[in-house]
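Only a predicted model underlies this, so the values are computations on that prediction, with no experimental measurement involved. Every number for a ligand or one of its atoms is a count from 1 in the order of the listing.
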Amino acid sequence: MLLGVIGDDFTGSSDIANTLSKQGMSVTQYSGIPEQNADAAVEAGVVSLKTRTIPVEEAVAQSVEAANWLLQQGCQQIFFKYCSTFDSTKEGNIGPVTEALADLLGEDKIVMCPAFPTAGRTIFQGHLFVGDQLLSDSGMRNHPLTPMTDADLRRWLGYQTKWDVGHIAYADIESGSDHIEQLMAASSKSMIVTDAINDQHLRDIGTACKSRKLLTGGSGLAIGLPDNFRRQGLIKTSSNPWHGESGKAVILSGSCSIATREQVAQYKTCGPAREVTAAEIIEGTTSAAEIAAWALAQAQAPLIFTSADPQIVHAAQDKYGREKSASAIESFFGQLANQLANDGVSRIITAGGETSGAVVLALNIDAMEIGPEIAAGVPAMRVTGRDLVIALKSGNFGQKDFFKHALEVLEHA
Ligand SMILES: Nc1ncnc2c1ncn2[C@@H]1O[C@H](COP(=O)(O)OP(=O)(O)OP(=O)(O)O)[C@@H](O)[C@H]1O
Ligand SMILES: O=C(O)[C@@H](O)C(=O)CO
C-alpha cells in the first residue's frame, strides 16, 4: 500500500476512494480499522471512520490507530480526509486530529485544503465558498450537527488548534508547484490553508506535497497524488472488474441537506417513499421491522427518509436533544438496513455521512471495492465477498435524479 487515507465519515471516504480510483490507483475502502493486513494489490487504502462528530479524544485515538495500521501496510503518505465544507465545530475535530497525526508522523507543515471545485467548493483568500456563496451563507449554516457559521477557514481552524495557522493565497498557488513547495519549506511549523479554485491548483498543491508525510483536505486534493507515485514507477495498471446486482433495492436517507431534500422530493414523484419522523422513532410508534415489511412489499425500489426541513429538525432537537435524535435515527437506519439485507436486498443507497456510517457498520461490512462513478464524489461500490452493491451519497452531492440514476448504475454497470 502506497497511500493511506483516514476518512472522518463513510461518504467522504467513498468520495476520495472514487477520486483515487479514477486516477488509476487500485483502491479499497475499509469499514473501520481492519483486523487483518490488506491485500497486497491495494495501492490506496481508505479507512472509513465515523469520527466527524464524536468527542475529540475518541476521534484522535481512532485516527491515530488507523494511521498506525496504514503505516504497517507500508504507506508512504497519510491523508486525513474531512468534508469539503470543513464540517466541524469550534472544538474540533479537524484541528486536534491533524495535530495528533502530525505528531505521529513527525510532520510540521500541513496543507489544509477542503476545496473540491467539481462540487463547487473553492477556497479564495482563506474563505470557503459553496458555489457562489460563502460557506456561512450556504445551507451548511443549518447543518444538524456541525452548523458552519464562519467561512474563514483560518479563523475556524484557529479555534481548534494551538498550532499557528498559515495561508498560501491564490496568487502564490497560481505560480505553480515548485513555488508552493518552496513556500511550504520556508514556513515555520503550521497548518497551512491553501487557496484553490480549480483542479490545476489542486494538482499543483498535490505535486508540491509529494514528500510530505501528511496531507489533509477534501477529495479534490487527492487528484494530484497518484501521479506522484506514478512518476516513481510505483503504480501498476489494474483493471476494474465491476458488475452490478439486479435484485431488490432500497434507498435510505437521513441527510437533511438542501440537495438531498430535493432528491427526496424528486424520487417521491416516481417511486414509493415513506417518511419516518424523529418522534416516531424515539417514541417507538414505528419500528425497523414495520418499515422493512412495508419496504419489501413495494414493487419498485422504496425510499425511506427522515430528511426534513431545518425547522422540523430543530424542533426535534429541542424536544429530544441533538445527540439523542441523531443517534436514535442512525440506529433505526442501521437496524432497517440489516433487516432488509437479511431479507435479500442486494442494492442499498444511503444519503448522508452519519447515516451511511451507521448503515455500513450495522451491515458488518469489512471492505468495499470501488466501481464506476454515479455522480461527482459518489462511486458505486461492491461489498467484498458478498452479493451486495452499495452507494454512499454525501449529503450535498448528486443531481436531483440521483436516486433513480444510482439504482440504474448499481444494477447495470
Ligand atoms: N428528522 C430529523 N430530525 C433530527 N435529526 C435528523 C433528522 N433526520 C436526520 N437527522 C440526523 O441528522 C444527521 C444528518 O447527518 P448525515 O451526515 O447523515 O447527513 P449530511 O450531513 O447531510 O451528510 P454529509 O455528512 O455526507 O454531508 C444524522 O445524524 C441524522 O440522524
Ligand atoms: O467532502 C465532501 O463534501 C464529502 O466527501 C463529505 O465528506 C461529506 O460527508
Side-chain angles (χ1 to χ4, degrees), residues 5-19 29 46 48-54 79-88 94 113-121 128 130 135 138-140 142-148 216-222 252-264 275-282 304-334 350-360 375-379 391-398:
V5 180
I6 303 163
D8 72 350
D9 83 342
F10 280 61
T11 48
S13 296
S14 67
D15 175 12
I16 191 166
N18 180 53
T19 306
Q29 177 173 345
V46 181
S48 346
L49 301 177
K50 200 168 172 307
T51 47
R52 188 170 287 175
T53 56
I54 65 174
F79 190 118
F80 172 37
K81 160 72 178 71
Y82 42 78
C83 194
S84 63
T85 42
F86 211 67
D87 300 19
S88 52
I94 294 174
C113 187
F116 186 13
T118 308
R121 277 63 154 164
L128 182 55
V130 176
L135 174 69
S138 77
M140 285 304 297
N142 291 316
H143 189 277
L145 304 175
T146 50
M148 298 305 296
T216 82
S219 64
L221 181 58
L252 306 174
S253 176
S255 161
C256 299
S257 70
I258 292 172
T260 303
R261 284 183 282 130
E262 284 176 355
Q263 290 154 356
V264 167
E275 177 169 13
V276 183
T277 64
E280 282 178 291
I281 293 170
I282 295 167
I304 295 117
F305 65 98
T306 61
S307 313
D309 294 351
Q311 65 273 22
I312 296 175
V313 172
H314 289 146
Q317 291 178 333
D318 288 346
K319 186 160 179 196
Y320 303 109
R322 180 184 286 210
E323 310 297 325
K324 190 174 167 193
S325 4
S327 76
I329 292 170
E330 290 172 31
S331 108
F332 164 80
F333 276 122
T350 59
E354 300 298 328
T355 309
S356 301
V359 166
V360 171
V378 193
L392 312 177
K393 189 196 81 75
S394 291
N396 292 301
F397 289 176

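For the residues A326, S253, S331, the heavy atom positioned nearest atom 31 (O) of ligand 1 is part of A326. Closest heavy-atom approach to atom 17 (O) of ligand 1 among the candidates R52, E354, K324, H314: E354. In the candidate list S255, S307, P144, S255 is nearest to atom 22 (O) of ligand 1, counting heavy atoms.
Considering only non-hydrogen protein atoms, atom 19 (O) of ligand 1 sits nearest to G352 CA, 3.3 Å. Protein heavy atom nearest atom 11 (C) of ligand 1, with residue, atom name and distance: G254 O, 4.2 Å. The nearest protein atom to atom 27 (O) of ligand 1, hydrogens excluded, is given as G395 N, 3.5 Å; this is a heavy-atom distance. Among all protein heavy atoms, the one lying closest to atom 28 (C) of ligand 1 is E330 OE2, 3.7 Å. What sits closest to atom 7 (C) of ligand 1 on the protein, heavy atoms only, is I329 CD1, 3.3 Å.
Geometrically, ligand 1 and H143 share a nitrogen or oxygen pair separated by less than 3.5 Å. The N/O atoms of V313, backbone and side chain alike, include none that comes under 3.5 Å of an N/O atom in ligand 1. In terms of polar-atom proximity, defined here as any N/O pair under 3.5 Å, T355 does make such a contact with ligand 1.
Between D87 and Y82 there is no side-chain heavy-atom pair separated by less than 4.5 Å.
Residues that satisfy the side-chain contact (heavy atoms from CB on, under 4.5 Å) test with C113, not counting sequence neighbours, are V111, A115, I123, T194, A196, L202, I205, L221. Here A279 pairs with T277, Y320 under the side-chain contact (heavy atoms from CB on, under 4.5 Å) rule; sequence neighbours left out. Partners of D9 under the side-chain contact (heavy atoms from CB on, under 4.5 Å) rule, at least two apart in sequence or in another chain, are T11, R52.
Within the 4.0 Å heavy-atom criterion, both parts of T306, backbone and side chain, lie near ligand 1. Looking at D9 against ligand 1, only its side chain comes within 4.0 Å, counting heavy atoms. Neither the backbone nor the side chain of T85 comes within contact range of ligand 1; no heavy atom lies under 4.0 Å.
Distance alone, capped at 3.5 Å, is enough to place a donor-acceptor pair between the Q29 side chain and the S14 backbone. No side-chain donor-acceptor contact under 3.5 Å links T260 to the backbone of C256.
Proximity of the aromatic rings of F397 and F116 is defined here by a centroid distance below 6.0 angstrom, and this criterion is met.
Under 4.0 Å from any atom of ligand 2, one finds heavy atoms of residues D9, T11, G12, D15, R52, K81, Y82, C83, S84, S394, F397.
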